[in-house]
Amino acid sequence: MLSTHFIREHQAVVVAGLQKKHFPDAETIVAKIIEVDELRRQTQKQRDDKQAEANALAKQIGLLMKQGEKAQAQQAKVDAKALSDEAKHLQEKVANIEKDLFQLIITLPNLPHETVPVGSDATDNELIEEVGTLPSLSAEALPHWELITKYDIIDFETGSKVTGTGFPIYKGKGAKLQRALINFFLDEAARAQYTEVQPPILINKDSGFGTGQLPDKDGQMYVVTEENFFLIPTAEVPITNMYRDAIIETSELPIKCVGYTPCFRREAGNWGADVRGLNRLHQFDKVEIVQIQHPDKSYDTLEEMRQHVQQLLEKLALPYRVLKLCGGDLSFTSALTYDLEVYSAAQQRWLEVSSVSNFESYQANRLKLRYRDEKKKTHLLHTLNGSALALPRILAALLENNQTPNGIEIPEVLHAYTGFTRID
RNA sequence: GGUGAGGUGCCUGAGAGGCCGAAAGGAGCGGUUUGCUAAACCGUCGUACGGUUAACCCCGUACCGCGGGUUCGAAUCCCGCCCUCACCA
């Protein structure tokens, strides 16, 4: 979330940023926040002063008692009681105002970086680069949802019997290929100095809030009601939350973690066109890279992370393009996001396989994740993450683009991981 | 799930209604000194919000797992919850 300080001091910048993100009524809400914050400070001052009086008198009473001035002490007690009641009343007022202020502030999304293109939806995203040549397939080429049945490597129907729609079962070479991709992605991240972690895949409310899934995307997560846990929609949540409420020494930056986890998404309301086969699932596998970085360096880090993901796609020989999301398409918490899309030849469309984002201090402020500068003052850090990579659509593209009359050719980098070179 | 012990600053750990934002030691940081690695000594050493300030300083308030309560006054007493450890199941 945005910090009150920042909103107070950069009102115009905040309003402009929110408008670029197509946030409605930006001006009104920001004005309201500043007004409530003003009230909060006033009331806190009153509370603090009153409490200071009460504390001073309480100290007096202690001394009077020691000196045996019982009568005086009794009188002071009556006065102290009145002061402390007033302070308590003011404290309640402060608490309520803070609650109001908090409710207002968490409705605000992050501000877009200055280089984010203006625009309202995906059609306004800026094409940064396009790499590789689009394969031309024969007329008999099949989409992946037919290939998986033909070679019996992914079974949606049995998965639907076991759980429900969108929970496929990977079998035989299909399962091995999944495992190969995961290991390949993890090994590549390790080479890039990421520390591998295996986090829990259930998280609590505080973690959901920390990275911004709660309360914004409440309905998109599966809930374990008995324990009040949520199934993670991405490893970003548990990994970033490892550093909730922490002050990191500058010498330890950047923190780089990678984790493989299954991801769970209800996708409520997202089940429209173009979601056949592996294009949209309720459970899928993903390798996620996360970095925590000094604010001065976070945009260099963002580029570095993007390069890391691009290099994975190149090693897999998949044609892809990079988009910089426009204001209207940017997620709630992100300041700048690159989407990487792989071309699926049989579907003749681009599939999003990775999102690499800089959240600047938006998550860090919720997480209370800070560093100390040379003067020992604390400041918020920047958090970043990216999929490196999400499996299903990579798999879809691999199957479709690499199909031949003799079967599906496995990219060379994976041979050592799969133990086979072709699915037939 | 049950019983017992416990949760205090970066770490170890004392404090058991006012003298406590909190002893002591260690680590860290700054300095002095001794002809190396190292040791000794001195100083410093939490966070958040608010006030004040150009800034530093300074001042106020809150925080001893979390949330309530008792009291003029709570790390300390009471209640609820969470977590850790040990044993039992």
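Everything quoted here is computed from the prediction, not taken from an experiment. By convention in this document, chain letters (A, B, ...) are assigned in the order of the sequence lines, proteins followed by strands, and residues within each chain are numbered from 1.
Dashed line: the shortest gap from a side-chain N or O of Ser84(A) to OP1 or OP2 of rU71(B) is not under 4.0 Å. Applying the 4.0 Å criterion to OP1 and OP2 of rG50(B), one finds that Arg40(A) has a side-chain N or O inside that range. For Thr378(A), a side-chain nitrogen or oxygen approaches OP1 or OP2 of rA48(B) to under 4.0 Å. Between Arg41(A) and rG51(B), a side-chain N or O to OP1/OP2 separation shorter than 4.0 Å is present.
Going from atom CG of Leu63(A) over to atom C1' of rG18(B) covers 9 Å, rounded to whole Å. Put simply, NE2 on His5(A) is 7 Å from P on rC49(B), counting in whole angstrom units. The distance between atom NZ of Lys376(A) and atom C1' of rA55(B), rounded to the nearest whole Å, is 20 Å. Rounded to an integer number of Å, the gap from Asp37(A) CG to rA48(B) P is 17 Å. Atom pair Glu38(A):CD and rC49(B):C1' shows a separation of 15 Å (rounding to whole Å applied). Across the protein-nucleic acid pair, Asn55(A) atom CG and rG21(B) atom C1' stand 13 Å apart, rounded to whole Å. Atom CD of Glu227(A) and atom C1' of rC82(B) are 13 Å apart (whole Å). As rounded to whole Å, 11 Å separates atom C1' of rG28(B) from atom CZ of Arg372(A).
Partner assigned to rA24(B) is rU12(B), using Watson-Crick or G-U wobble distances below 3.5 angstrom. Pairing partner, rU32(B): rA40(B), with both Watson-Crick or wobble hydrogen-bond distances short of 3.5 Å. With both pairing distances under 3.5 Å, rU70(B) is matched to nothing as a Watson-Crick or G-U wobble pair. Base pairing of rA5(B) is made with rU84(B), judged by Watson-Crick or G-U wobble geometry with both donor-acceptor distances under 3.5 Å. For rG46(B), the paired nucleotide is rC63(B), the pair qualifying as Watson-Crick or G-U wobble because both relevant distances are below 3.5 Å. If you check rC56(B) for Watson-Crick or wobble pairing at under 3.5 angstrom, you find it has no partner at all. Across all strands shown, nothing is found opposite rC19(B) as a Watson-Crick or G-U wobble partner with both distances under 3.5 Å.
In this structure, a donor-acceptor pair under 3.5 Å is present between the side chains of Ser334(A) and Thr337(A). Remark: the Gln363(A) side chain and the Thr211(A) side chain contain no N/O donor-acceptor pair separated by less than 3.5 Å. Asn241(A) and Arg244(A) share a donor-acceptor pair across their side chains, judged by distance under 3.5 Å alone.
Contacts of Ala52(A) with the nucleic acid, taken as non-hydrogen atoms under 4.0 Å apart, involve only primed sugar atoms and P, OP1 or OP2. Base contact: Ile61(A) has a heavy atom under 4.0 Å from a base atom. If you check every strand for non-hydrogen atoms under 4.0 Å, Ala58(A) touches a base. At the heavy-atom level, Gln51(A) lies under 4.0 Å from the strands shown only through sugar-phosphate atoms. Using a 4.0 Å heavy-atom distance criterion, Asp49(A) is classed as making no nucleic acid contact. As judged by a 4.0 angstrom heavy-atom cut-off over every strand, Ile247(A) is placed among residues touching the sugar-phosphate backbone only.
When each of Asp329(A), Asp339(A), Thr115(A) is tested with Lys324(A) by the rule side chain to side chain donor-acceptor pair (under 3.5 Å), just one qualifies, namely Thr115(A).
Taking atom C1' on both rG26(B) and rG80(B), the two are 37 Å apart, rounded to the nearest angstrom. Between the C1' atoms of rC20(B) and rA5(B), the separation comes to 26 Å (whole Å). Nucleotides rG13(B) and rA86(B), compared at atom P, are 16 Å apart to the nearest Å. Between rC78(B) and rA14(B), the two C1' atoms lie 24 Å apart (nearest whole Å). Comparing rG67(B) with rG9(B), their P atoms sit 15 Å apart, to the nearest whole Å. Atom name P, nucleotides rA22(B) and rG60(B): the rounded distance is 12 Å, in whole Å. Nucleotides rG65(B) and rC83(B) have their C1' atoms positioned 7 Å apart, rounded to a whole Å. Between rC45(B) and rC10(B), the distance separating the two C1' atoms is 10 Å to the nearest Å.
Of the listed nucleotides (rU61(B), rC56(B), rC72(B)), rC56(B) has the atom at the smallest distance from the side chain of Lys377(A). Taking the side chain of Lys81(A) as heavy atoms from C-beta on, and the options rU47(B), rG50(B), rC72(B), the nearest nucleotide is rC72(B). Taking only side-chain atoms of Asp48(A), from C-beta outward, the nucleotide of rU61(B), rC72(B), rA48(B) with the closest atom is rU61(B).
Inter-residue side-chain proximity for Phe23(A) and Pro109(A) is flagged as met; some heavy-atom pair is nearer than 4.5 Å.
A salt bridge links Lys45(A) with Asp49(A); the closest basic N to acidic carboxylate O contact falls under 4.0 Å.
The aromatic rings of His379(A) and Tyr371(A) sit tilted relative to each other, their planes meeting at an angle between 30° and 60°.
Between the CG atom in Leu2(A) and the CG atom in Leu111(A) there is a gap of 5.0 Å [rounded to 0.5 Å].
For the pair Lys59(A) and Arg370(A), both in contact range of RNA chain B, the more 5′-proximal nearest nucleotide belongs to Lys59(A). In terms of position on RNA chain B, the residue among Arg8(A) and Lys88(A) whose nearest nucleotide sits closer to the 5' end is Arg8(A).
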